[in-house]
There are 2 protein chains.
Amino acid sequence: MTKPPVHDPRRTLTLRDVSEASGVSEMTVSRVLRNRGDVSVATRERVLEAARSLGYVPNKIAGALASQRVNLVGVVIPSLSNMVFPEVLAGISETLEDTGLQPVVGVTNYSPEREETVIYEMLSWRPSGMIVAGLEHTEAARAMLAQAGIPIVEIMDIDGEAVDSAVGISHRRAGRQMAEAIIASGYRRIAFLGTMMPHDHRARKRLQGFEEALAKAGLTLADQEFYSGGSALLKGREMTEAVLKRSPDIDFLYYSNDMIGAGGLLYCLAQGIDVPGKIGLAGFNGVELLDGLPRRLATMDACRLEIGRRAAEIIAGKHAGTIGGEVIELFPTLQAGDTIRRA
Amino acid sequence: MTKPPVHDPRRTLTLRDVSEASGVSEMTVSRVLRNRGDVSVATRERVLEAARSLGYVPNKIAGALASQRVNLVGVVIPSLSNMVFPEVLAGISETLEDTGLQPVVGVTNYSPEREETVIYEMLSWRPSGMIVAGLEHTEAARAMLAQAGIPIVEIMDIDGEAVDSAVGISHRRAGRQMAEAIIASGYRRIAFLGTMMPHDHRARKRLQGFEEALAKAGLTLADQEFYSGGSALLKGREMTEAVLKRSPDIDFLYYSNDMIGAGGLLYCLAQGIDVPGKIGLAGFNGVELLDGLPRRLATMDACRLEIGRRAAEIIAGKHAGTIGGEVIELFPTLQAGDTIRRA
DNA sequence: CATACGGCTGTTAGCGGTAACATAGCGCAT
DNA sequence: ATGCGCTATGTTACCGCTAACAGCCGTATG
């Protein structure tokens with residue numbers, strides 16, 4: 001019923017306004033609003049009422065400066081548009097939720113320079129921790145992270161040297177594993193289709209591992225095709241067509257991600273090609289999308305949710321006793337789906 | 001060659017450290033690092049060199065408190081997992097890039113309470129502006145936004161009352177428009193398939209507009225089906241099967257988003273159903289994914305990139321002369337694709 | 001009755017920068 | 001020589017909040 005005593009909107013509200021409105025010191029107001037220290041019930045009520053009716057929103061900038069504590073965790077990822085990082089983020093948010101920590105996302109578009117800038121900007125807010133995708137950074141970025149004096153977790157990949165902690169899978173091993181499964185199923189003329197991204201180190205490492213395993217079996221890639229930009233599903237379709245026209249004797253297509261793999265699968269089905277009889281297919285990531293396809297594409301899930309969770313746990317200090325520097329390797333499972341012949 | 005004089009890593013670096021290392025006052029260092037005010041070239045060089053070799057990263061918390069200026073823009077969206085918001089974000093980032101402003105994303109999962117919390121948290125960092133998806137918020141959230149004294153832009157939707165500015169499309173009109181096109185093509189037994197999300201107000205408004213237009217033509221929805229959770233593509237497939245089994249005489253399926261529409265399309269094609277002859281299909285959003293499908297699903301693009309750009313322009317103050325309170329309506333275009341009969 | 005103690009509240013001194021103003025040196029017209 | 005205007009730099013006073021400590025009061029204790 002009482003009209004809220006809207007304050008002069010020109011001036012920004014401070015603790016002092018609340019303190020005056022409730023007749024106690026600023027310090028007591030601060031204590032009430034942070035639930036810290038002893039305050040009598042009566043005072044607490046009065047302060048909360050005053051704060052609410054004024055519409056007071058605390059100034060975390062001042063608070064952070066005074067307390068030298070910031071409840072922010074920087075998360076630096078290359079992209080938001082491919083379903084993999086949103087899921088990592090979900091794992092992070094979920095785990096951070098009940099720690100009072102809040103993730104702040106920065107996107108680099110796979111550019112090392114952009115990454116350096118984003119990291120610099122984030123560190124300038126003095127976050128409580130940083131989660132950064134990948135192990136490859138500019139020298140300056142590594143130095144900044146190392147000097148920051150906060151927990152750093154590099155995620156997704158463990159094939160390399162971490163600044164501090166790392167949580168991820170071995171992409172090299174993942175590529176190797178997939179190659180072994182393919183070879184075991186009897187395929188021999190194998191092609192690779194991927195993105196043209198010199199900075200997608202994880203895709204590169206998968207391909208490396210893949211080729212290593214082929215070599216061990218006395219094989220080499222029969223063909224390869226790369227793309228950049230555009231609708232991944234469409235590109236998968238187009239690249240598949242191009243490769244099959246160019247190398248009609250191909251019997252397996254290994255895609256660097258599920259989306260282009262799905263495009264390829266749709267193409268093959270539309271062409272009436274016998275999958276997995278005449279041609280086998282496999283992707284990477286284990287995205288949910290695949291469940292809706294007419295046939296289940298072989299893939300390997302990248303433990304995205306789990307990576308996010310573990311990284312967040314490290315930042316939140318849930319691994320008590322350790323002092324950073326831990327490397328957690330996760331192991332993706334191969335889902336054979338319906339696009340690889342049963343061995 | 002010179003080993004970088006790594007500072008005592010226990011203490012955090014401040015302007016004073018740089019000032020001592022370069023023999024000038026803190027103020028001069030501050031000026032150099034912000035490129036503000038006149039500093040001689042020699043001094044600037046010396047300061048930059050000192051800052052670099054120390055690995056100094058400015059403390060924006062202190063800077064923001066002192067200058068009462070924060071280069072952050074809060075962006076509050078319901079989800080990251082459906083491709084639509086990442087694209088809005090892309091538009092925002094792109095436009096903000098050369099303004100010195102930086103977007104900070106918060107996700108609400110379509111929960112009004114969560115949204116309120118996220119808005120509160122963001123405002124407590126005193127951002128320069130806020131971009132919030134949708135027009136429906138808790139009363140407290142609206143009040144906070146209104147009192148914040150910064151530009152607020154509500155995006156995606158304009159069917160309702162904005163706190164300050166708004167950029168979006170009329171979802172009611174979009175639904176109406178699609179219904180009209182469907183009716184004009186001769187379809188009469190029309191079903192709706194959508195998500196079970198009481199808080200997805202935009203989907204609700206589209207359905208409202210859709211039904212209005214049906215009513216005007218003397219029609220009503222012949223059937224409807226809702227889902228929640230899981231792979232949208234798969235759900236689209238399953239719901240389509242369910243609806244077609246239940247109501248075999250249906251001749252059009254209107255989906256609340258492209259992903260379930262794509263699932264439906266794949267199902268129909270797999271069943272050998274004549275699309276768009278026997279059954280027509282349409283979705284909503286105009287996502288890139290559709291380009292890779294065997295047939296192009298009819299849809300309406302939601303102007304996502306443009307919405308992000310315009311919202312960012314308002315925040316960045318590029319609409320000089322106006323003092324907030326502007327509402328920008330964008331007009332989505334209907335892309336008939338190959339799943340509606342040519343009238 | 002003095003003493004100790006715990007609950008509650010207030011005071012003081014920064015946190016690390018920046019705005020605003022003050023100052024020092026210099027070239028140059030008068 | 002004088003004084004003006006300009007550039008380059010320094011000084012002072014906060015920004016809004018919190019850590020640390022100090023004080024007050026009532027009650028339990030010896």
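Labels below follow one simple rule: chain letters A, B, ... track the order of the sequence lines, proteins then strands, and each chain is numbered from 1.
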N/O donor-acceptor pairs under 3.5 Å from side chains in residues 97-110 of chain A, not counting sequence neighbours:
unit_1	atom_1	unit_2	atom_2	d
A/Thr99	OG1	A/Leu96	O	2.6
A/Thr99	OG1	A/Leu101	N	3.1
A/Thr108	OG1	A/Tyr110	N	3.3

Next on the checklist: Within the 4.0 Å limit for protein heavy atoms, which parts of nucleotides 11-27 of chain D are touched? Write it as a string from 5' to 3', B for base, S for sugar-phosphate only, - for none.
Outcome noted: B---BBBBB--------
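- Rounded to 10°, the helix from C/dC1-D/dG30 to C/dT30-D/dA1 has 50° between the axis fitted to its first five pairs and the one fitted to its last five.
- Remark: A/Ala143 pairs with no residue by the side chain to side chain contact (heavy atoms under 4.5 Å, CB included) rule, at least two apart or across chains.
- A distance-only check finds a donor-acceptor pair linking the side chain of A/Ser19 to the backbone of A/Val24 [under 3.5 Å].
- Residues satisfying the salt bridge (Lys or Arg N to Asp or Glu O under 4.0 Å) criterion with A/Glu26, sequence neighbours excluded, are A/Arg16.
- Here the range on DNA chain C touched by chain A, meaning any atom under 4.0 Å from one of its heavy atoms, is C/dC8 to C/dG16.
- Between A/Glu139 and A/Arg142 there is no salt bridge, since no side-chain nitrogen of the basic residue lies less than 4.0 Å from a carboxylate oxygen of the acidic one.
- Taking every heavy atom of both residues into account, A/Val132 and A/Glu115 meet most closely at CG1-OE2, 3.9 Å.
- Side-chain contact, A/Ser40 with A/Arg44: no donor N or O sits under 3.5 Å from an acceptor N or O.
- Judged by distance alone, the side chains of A/His137 and A/Glu154 do bring a donor and an acceptor atom under 3.5 Å apart.
- The pair A/Arg304-A/Glu87 meets the salt-bridge criterion, with a side-chain N (NZ, NE, NH1 or NH2) lying under 4.0 Å from an Asp/Glu carboxylate O.
- Looking only at distances, no side-chain donor or acceptor of B/Glu329 sits under 3.5 Å from a matching main-chain atom of B/Ile158.
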